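The structure appears below as structure tokens.
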Amino acid sequence: MSYYLPTKIIFGQDAINNNKELLKELGCRALLVTGRSSARASGALEDMERALQELGIVYFIFDQVEENPSVETILEGRRLGLEKEVDFLIGIGGGSPMDAAKAISVFIKNPQLEGYDVFSSPQLAFLPVVAVATTSGTGSEVTQYSIVTSKKERTKKNLGQTIFPELAFLDPSYTYSLSREVTISTGIDAFTHLVEGYLNTRIDPYADILAERGFSLFKELFPKMLASDFDQDFRRDLMLASSLGGMVIAQNGTSLPHGMGYALTYFKGLAHGLANGVLTPAFLRAFQDKTRLNRMLELMGLNSLDDLEEIFASLIKLEIDISSEELEEYIRDFYSNKEKLRNFPQEISMEGVLRIYKDSLL
Ligand code: NAP
Ligand code: FE
């Protein structure tokens, strides 16, 4: 067994301001990678700009990252980074800008690399990345993954490179500006990371400790999510749970809901967390050995899977126009992703996966 997490995490109010000297070690020219508005709305961009100015670090802002960033957007970011000769990157936002910053860091360091060749390349060098999370969901600030949209293959996929951020700033106050909708969908993403990492072929005792602490946190978090009671304790605990989820999938990876959810995001525009969440109850029902599943429910103070299903039904209300034929098409793509199948700890046929889709969506 092994546990690897090379990211320095600074958690708490004013994390950036109180620890800004750490940025000095990374260079004197930075590329800030953000979405269109949330980095500013959350207060994170302002804090970072102030810190960089005080340190005398020159910075440039690439604020064109869309949700589920595309390879094409990442190449735009590379153009700016190369032109400005930056030494390191700072991703500020939800998973989309943080993942984009990781991907851009690889492309800047490898200026000849063609966009889509990255997926089949062996490990490439990259520039240091700092991650500042403004959602509590993906855990990207502590994972090596960068999930990008491949328009060529009409899906989302992992870049296939290991890019752990050097430094992660987790200040829960940056999530105060989140809407209810994004709070819920990203919170569900965090939960699914804990679940898919815990109920996984690759069991890791260190990751177990983190996942189990995460489930205990959700004992309090789910009732607050149901009541839309997003007080400061909620924001702090959800950010903690989200980073724990990231640490768990950094060791074990995700499983069927993540792999199956990509098509729902790509073709139906579903937010990432909802795409995983809508599949989670049927995924859990598919487990034959329920030992670890029952332990998880117990830690959340739930008596049965029915209780969890009820929570999900209240949090996720979707009307998706989808046909059996579309699902059959998704299944073929999904089946080519052997990694997710390997992480599911029992044999499952194509029909079994299709049943999870159908039970969840039709
Ligand atoms: P996101 O796509 O980064 O952001 C969703 C929306 O929330 C955007 O409209 C964003 O606005 C807004 N937003 C973000 N922070 C806000 C704040 N503090 N206040 C108000 N609005 C805010 O959402 P996400 O769910 O965090 O990330 C999803 C992406 O991460 C997907 O591509 C997914 O596949 C990936 N992911 C990665 C990992 C990993 O380990 N690397 C794990 C799971 C998921 P702006 O557009 O203005 O920023
Ligand atoms: Fe996720």
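Whatever order the structure lists ligands and atoms in, that order sets their numbers, starting from 1. What you are looking at is a predicted structure, and each value in this text was computed from that prediction instead of being measured.
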Legend entry - Minimum side-chain heavy-atom gap Lys268-Glu326 below 4.5 Å: yes
Inset, instruction - Could you tell me which atoms of ligand 1, counted from 1 in the order shown, lie closer than 4.0 angstrom to a heavy atom of Lys156? - result: 31 (C), 32 (O), 33 (C), 34 (O)
Inset, instruction - Could you tell me whether Glu76 and Arg79 have a side-chain N and a carboxylate O separated by less than 4.0 Å? - result: yes
Legend entry - Identity of the N, O or S atom of His193 lying closest to the Fe ion (ligand 2): NE2
Inset, instruction - Let me see the working for Arg40 and Glu49 under salt bridge (charged side-chain N to carboxylate O under 4.0 Å, His left out), right down to the final yes or no. - result: CA-CA 10 Å; Arg40 206 160 282 289; Glu49 287 191 270; 3.3 Å; yes
Inset, instruction - Examine Tyr145 against ligand 1 and note whether any of their N/O atoms are separated by less than 3.5 Å. - result: yes
Inset, instruction - Using a strict cut-off of 4.0 Å, indicate which atoms of ligand 1 neighbour a heavy atom of Ser42. - result: 18 (N)
Legend entry - Shortest protein heavy-atom distance from atom 46 (O) of ligand 1, along with the residue and atom involved: Arg36 N, 3.9 Å
Inset, instruction - Measure from the Fe ion (ligand 2) to every N/O/S atom of Asp189 and report the name of the nearest one. - result: OD1
Legend entry - Shortest protein heavy-atom distance from atom 2 (O) of ligand 1, along with the residue and atom involved: Ser96 OG, 2.6 Å
Inset, instruction - Over 60° means perpendicular and under 30° means parallel, so classify the ring planes of Phe344 and Phe287, tilted if in between. - result: perpendicular
Inset, instruction - Determine whether the aromatic ring centres of Tyr4 and Phe164 lie less than 6.0 Å apart. - result: yes
Inset, instruction - Could you check if a side-chain atom of Leu31 sits within less than 4.5 angstrom of a side-chain atom of Ile90, using non-hydrogen atoms only? - result: no
Inset, instruction - Quick one: look up the protein heavy atom nearest atom 48 (O) of ligand 1 and list residue, atom name and how far away it is. - result: Ser38 OG, 2.6 Å
Inset, instruction - Counting heavy atoms only, name the option from Asn158, Leu178, Val142, Thr138 that's nearest to atom 38 (C) of ligand 1. - result: Thr138
Legend entry - Among the N, O or S atoms of His272, the one nearest the Fe ion (ligand 2): NE2
Inset, instruction - Run the numbers for me: atoms of ligand 1, each under 4.0 Å from some heavy atom of Thr143, listed by number. - result: 39 (C), 40 (O), 41 (N)
Legend entry - Side chain, backbone, both or neither: Tyr174 near ligand 1, heavy atoms under 4.0 Å: backbone
Legend entry - Thr186 and ligand 1 - part of the residue with a heavy-atom distance under 4.0 Å: side chain
Inset, instruction - Test side-chain hydrogen bond (donor to acceptor under 3.5 Å, both in side chains) on His258 and Asp189 and set out the steps. - result: CA-CA 9 Å; His258 266 71; Asp189 188 29; 3.3 Å; yes
Legend entry - Geometric class of the Phe119/Tyr116 ring pair [parallel <30°, tilted 30-60°, perpendicular >60°]: tilted
Inset, instruction - Output the list of atoms in ligand 1 that are nearer than 4.0 Å to some heavy atom of Thr135, sorted by atom number. - result: 14 (C), 15 (N), 26 (O)
Legend entry - Carboxylate-amine/guanidinium contact Arg36 Asp63, below 4.0 Å: no
Inset, instruction - List the steps and the verdict of side-chain hydrogen bond (donor to acceptor under 3.5 Å, both in side chains) for Ser70 and Glu66. - result: CA-CA 8 Å; Ser70 65; Glu66 73 276 43; 3.1 Å; yes
Inset, instruction - Measure the distance from atom 32 (O) of ligand 1 to every protein heavy atom, then report the residue, atom name and distance (to 0.1 Å) of the closest one. - result: Asn68 OD1, 3.2 Å
Legend entry - Per-atom contacts, ligand 1 versus Thr134 - under 4.0 Å to a heavy atom: 14 (C), 15 (N), 16 (C), 17 (C), 18 (N)
Inset, instruction - Please confirm whether Phe191 and Phe222 have ring centers closer than 6.0 angstrom. - result: yes
Inset, instruction - Report the part of His193 in contact with ligand 1, treating N, CA, C, O as backbone and CB onward as side chain, heavy atoms under 4.0 Å; options are side chain, backbone, both, neither. - result: side chain
Legend entry - Within 45° cone and under 6.0 Å: Arg292 NZ/CZ vs Tyr198 ring: yes
Inset, instruction - Counting heavy atoms only, name the option from Val182, Thr254, Asp189, Asp99 that's nearest to atom 37 (C) of ligand 1. - result: Asp99
Inset, instruction - Under 4.0 Å, heavy atoms only, figure out whether ligand 1 is touched by the backbone of Glu67, its side chain, both or neither. - result: both
Inset, instruction - Taking the side chain as every heavy atom from C-beta outward, state whether Leu264 and Ile322 have any atom pair closer than 4.5 Å. - result: yes
Legend entry - Ligand-side contact atoms (ligand 1) for residue partner Gly94, heavy atom cut-off under 4.0 Å: 3 (O), 26 (O)
Inset, instruction - Carefully, step by step, assess Asp47 and Tyr174 under the rule side-chain hydrogen bond (donor to acceptor under 3.5 Å, both in side chains). - result: CA-CA 10 Å; Asp47 285 355; Tyr174 297 150; 2.6 Å; yes
Inset, instruction - Among all protein heavy atoms, pick the one closest to atom 27 (O) of ligand 1 and tell me residue, atom and distance. - result: Gly95 N, 3.1 Å
Inset, instruction - Start with the C-alpha gap between Lys157 and Glu153, add the side-chain angles, then the distance that decides, and say whether salt bridge (charged side-chain N to carboxylate O under 4.0 Å, His left out) holds. - result: CA-CA 9 Å; Lys157 59 195 288 196; Glu153 291 162 89; 3.0 Å; yes
Legend entry - Atoms in ligand 1 flagged as close to Pro97, the criterion being non-hydrogen separation under 4.0 Å: 3 (O)
Legend entry - Closest protein heavy atom to atom 44 (C) of ligand 1, given as residue, atom name and distance to 0.1 Å: His272 NE2, 3.1 Å
Legend entry - Polar contact flag for Ser179 and ligand 1 (N/O pairs, less than 3.5 Å): no
Inset, instruction - Report yes if the distance between the aromatic ring centroids of Phe169 and Phe11 is under 6.0 Å, otherwise no. - result: no
Inset, instruction - Please work out which of Ser185, Ser242, Ser177 has its closest non-hydrogen atom nearest to atom 19 (N) of ligand 1. - result: Ser177
Legend entry - Polar atom proximity, His258 to ligand 1 (N or O, under 3.5 Å): no
Inset, instruction - Could you establish whether Glu66 and ligand 1 come within less than 4.0 Å of each other, counting only heavy atoms on the residue side? - result: no
Inset, instruction - Within a distance under 4.0 Å of any heavy atom of Ser37, pick out the atoms of ligand 1 and give their elements. - result: 47 (O)
